[in-house]
Amino acid sequence: MTSSSPLYAQVALDVPLFTALSYRVPEHLRDHIAPGQLVQVPFRNRSKTGLIVALSTELDDPTLAPKIRDLYDLVDPEPLLSPHDVRFLSFVADYYLSPIGEVVRLAIPSAVRVEGIKHYRRLPEDQRTPAPNAPQTPLSLELAGALASLSDTEPTPVAALRESHAELTYHRLAELELRGLVEVTYQESASLKPKTERYFKLLPRPRGTLTGRLGANQLQILKLLDGMPSLSLPEIREHIASPYSSLKALEERGLIESWEEEVYRDPFADAPVEPAPSFELTLPQQRAVDAVARARQAGRFEGFVLHGVTGSGKTETYVRIIRDTLAAGRRALVLLPEIALTPQFVGVFRSHFGERIAVLHSGLTAAQKFDQWRQIRRDEVDIVIGARSALFAPINDLGVIVVDEEHDPSFKQEEGTRYNARDMALVRGKLARAQVILGSATPILESFYNARQGRLTYLAMPERVAARALPPVDIVDMRRGPHNPTAGPSSLLSTRLLGALDDTLHDQKQAILFLNRRGFSPCVVCEACGHVFHCPHCDVSLTYHRRMEALRCHHCDFSLRMPESCPECLHTGIDRKGVGTEQLEAHLRELYPRARVARLDRDTGAGPRLQQLLTSFRRREIDILVGTQMVTKGHDFPDVTLVGVVLADMSLNFPDFRAAERTFQLLTQVAGRAGRADSPGKVIIQTYTPEHYSLLTAREHDFESFAERELAQRQAMGYPPFGHLIALKFEGANEGATVQATRNYATAARRLLRTERAFGDAVSMLGPAMAPIARIKNRSRWQLLLKAADRALLRRFTIRTLELAGHFDAGQPHHRNVRIIIDVDPLNML
DNA sequence: AGCACGCCGACT
DNA sequence: GTCGGCGTGCTC
């Protein structure tokens with residue numbers, strides 16, 4: 001055999017390096033290696049597990065040749081991820097200018113990653129069978145020493161063996177395998193292991209066997225097992241308190257047999273399973289289903305914007321599309337914005353599709369996540385439902401991706417790799433030739449615009465099911481003065497909203513009041529000297545929380561007992577300005593002492609309390625629900641007939657070019673909670689800017705007019721969807737160093753703009769500028785915003801800028817303590 | 001991220 | 001004389 005040209009593997013490691021590292025593939029592994037496999041590689045002076053992202057016969061940088069080392073071994077003969085998945089991960093890393101290892105970590109739960117560490121166990125002399133190509137020479141002294149240090153009962157991790165025998169490489173140790181001296185196993189070294197259960201079944205009983213002298217327990221077990229394929233130990237224990245000795249006795253007599261089997265830890269344990277309602281599709285629903293079917297039958301990728309008003313039956317449409325997809329032998333992925341919504345959603349899906357569903361979201365325990373992931377990878381489920389991270393689930397034969405409530409900002413990850421699951425769903429769909437459905441009552445302008453440009457297919461569902469009307473929306477001008485007779489005695493709630501509340505309570509219906517600010521008062525001021533209480537760690541004012549009698553920061557965990565007097569002038573009169581949900585709740589309790597008022601926000605709806613509150617509201621144990629954004633999300637409460645928006649201006653005044661769009665979305669979504677069943681609903685919006693087009697178009701349920709108006713503004717400013725943005729964000733404890741780092745990058749960018757025409761003409765830079773919240777958790781925040789109409793050009797420009805600023809160099813002396821965040825397609829400009 | 005290397009203060 | 005501080009540089 002002549003030695004062929006070397007083969008290199010690009011391996012992604014869990015280290016913050018932008019690129020994968022290259023390793024030579026040893027000759028004996030050449031035919032067994034593929035992208036998507038986990039491998040053990042030498043890294044510095046230790047061994048690490050990494051994922052092969054590519055194989056090549058040449059190095060992209062030949063000067064690296066002398067540094068290249070051989071990889072040690074495969075961790076598992078089976079690839080962990082499909083080539084499809086690997087390509088997708090590489091794309092994501094590339095697109096978001098993010099280290100590949102960090103992206104791989106998104107896709108593989110940490111518990112799975114350590115799966116299959118190679119172990120050796122010394123075989124007893126009589127069990128040794130050398131391979132035909134084993135060396136005939138005597139075993140070297142070092143290897144004999146290593147062999148001697150192994151146990152013949154307990155497997156030892158090979159990495160541990162290498163530590164005690166530093167002179168031996170993995171490669172040399174492999175000789176022990178070749179000579180048949182050791183047994184090779186791949187074992188989890190982590191705490192998480194697949195859970196197993198002991199199963200029992202009846203053995204066919206030889207005719208005429210005496211069954212005499214069986215205890216009562218033993219007889220009962222035989223009776224239980226009779227007619228059952230098998231039963232697990234817990235199932236047996238449901239009937240017999242302590243069956244252990246009896247089971248053992250029965251097995252010894254050869255009457256039953258037992259074995260260990262992997263079982264999955266079930267995260268659905270508390271998911272309500274609702275009976276599958278049979279339904280007929282409305283015409284628009286049917287059209288949507290048919291449009292998707294055409295793409296599926298043609299076997300091509302297609303992206304759809306499913307624009308369905310609140311209550312138009314989007315979920316039923318998804319169900320039907322997924323059913324067709326499964327019938328065609330492919331699988332489905334459903335992405336939801338909030339884990340809070342999953343139990344209900346999963347319940348609906350289980351009633352339609354049974355057990356072959358997995359869920360993935362950050363609320364699962366590590367063990368549950370581990371099990372769900374393994375089920376998905378083994379093709380044991382057909383539908384995966386989850387929050388944004390489920391985008392990376394290792395689903396084979398993916399046929400359809402549904403992104404429900406695609407406008408929701410929680411699809412954007414705001415740390416690490418700042419991916420947007422909604423955008424990347426389109427990419428994954430394209431790679432898999434799947435159909436991608438982006439569903440919302442308020443599609444983002446990018447979707448609307450792309451549909452108009454023909455890149456996405458627009459599917460409209462403009463009417464609510466069962467001919468229910470969209471609720472009428474009333475805008476109340478809260479500005480005081482003789483021109484405004486509707487302003488009532490309460491500065492918080494207008495007479496019109498109070499009147500509507502009276503009616504709702506009188507009719508024994510429910511109301512939702514939305515106020516996008518938690519706490520009692522968002523700002524606390526000394527009435528004598530004007531001192532405003534600020535967070536000592538963040539550049540924001542403190543919020544007064546009455547229940548805790550404390551001032552709290554909403555950006556860090558700082559909190560302070562509500563002081564008696566001003567720390568500046570010792571004056572005892574301290575004013576609480578502005579209104580949050582806590583105060584609104586208290587106010588309503590005073591106004592309606594007999595109504596049941598509850599509040600839903602991050603303070604009251606943390607963890608399991610959220611489900612409790614929602615359930616309790618659905619059961620009509622609450623009359624008025626006060627809440628933040630959390631009440632706007634797709635919940636379905638049939639008896640809500642009134643929705644009040646206490647102050648619509650809050651999101652309008654946000655320092656962000658998406659403020660108008662956010663406001664429109666918020667108002668439309670919250671208004672959609674009203675009148676979802678047989679009783680008609682009503683919406684009242686209070687505002688100080690009643691003439692704003694976000695409010696006026698929301699009042700008319702007129703998405704198109706809003707979109708036209710907003711698109712015109714975006715075009716004028718070159719903002720998305722007409723231009724693309726990449727934000728460079730700088731955070732550091734030292735303000736001077738942070739500014740300096742920002743300046744260095746700005747200088748690099750400016751130089752490129754000056755020297756290269758292609759960039760200078762097409763790219764613009766805003767900043768260096770202080771971030772709208774200039775300091776959070778004692779870290780100063782600065783930013784640069786890069787903008788261009790051509791996405792590819794903007795990407796190239798950013799990479800060149802980063803290179804020029806030394807961003808990819810290891811270690812940058814000037815910016816040691818400044819964190820530099822690259823935010824591609826930023827959503828949150830704060 | 002880790003982790004080794006390196007050049008300056010208080011200890012056997 | 002050395003132990004160890006954490007600044008800085010690098011990982012195929």
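The basis for the numbers below is simple: all heavy atoms, side chains too, and nothing from hydrogens, waters or symmetry mates. Source: prediction; values computed, not measured.
For the salt bridge (Lys or Arg N to Asp or Glu O under 4.0 Å) test, no residue two or more places apart in sequence or in another chain qualifies with A:R30. In this view, A:R122 and A:D152 satisfy the salt bridge (Lys or Arg N to Asp or Glu O under 4.0 Å) rule, not counting sequence neighbours. Evaluation of the salt bridge (Lys or Arg N to Asp or Glu O under 4.0 Å) rule for A:D825 yields A:R791 as partners, not counting sequence neighbours. With sequence neighbours left out, the side chain to side chain donor-acceptor pair (under 3.5 Å) criterion links A:D61 to A:T63.
A:F43 comes within contact range of at least one nucleobase, with a heavy-atom separation under 4.0 Å.
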Exercise. Run the salt bridge (charged side-chain N to carboxylate O under 4.0 Å, His left out) check on A:R428 and A:D85 step by step: do they pass?
Worked result: CA-CA 8 Å; A:R428 187 167 182 191; A:D85 292 339; 3.3 Å; yes
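When rounded to the nearest whole Å, the span between OH of A:Y23 and C1' of C:dT11 equals 8 Å. If you measure from atom CG of A:L71 to atom P of C:dC12, you get 13 Å, rounded to the nearest angstrom. Going from atom CZ of A:R69 over to atom P of C:dC12 covers 5 Å, rounded to whole Å. Spacing between atom CD1 of A:I68 and atom P of C:dT11 amounts to 11 Å, rounded to whole angstrom units. Rounded to a whole Å, the CG atom of A:D70 is 13 Å from the P atom of C:dC12. Computed from coordinates, the A:L21 CG to C:dC12 C1' distance equals 5 Å when rounded to whole Å. Taking atom CD1 on A:I100 and atom P on C:dC12, their separation rounds to 18 Å, with Å as the unit.
Sorted by first and then second residue, the salt bridge (charged side-chain N to carboxylate O under 4.0 Å, His left out) pairs with a member in residues 732-742 of chain A form an empty list; sequence neighbours excluded.
When DNA chain B is scanned in the 5' to 3' direction for atoms under 4.0 Å from non-hydrogen atoms of chain A, the outermost contacting nucleotides are B:dA1 to B:dA4.
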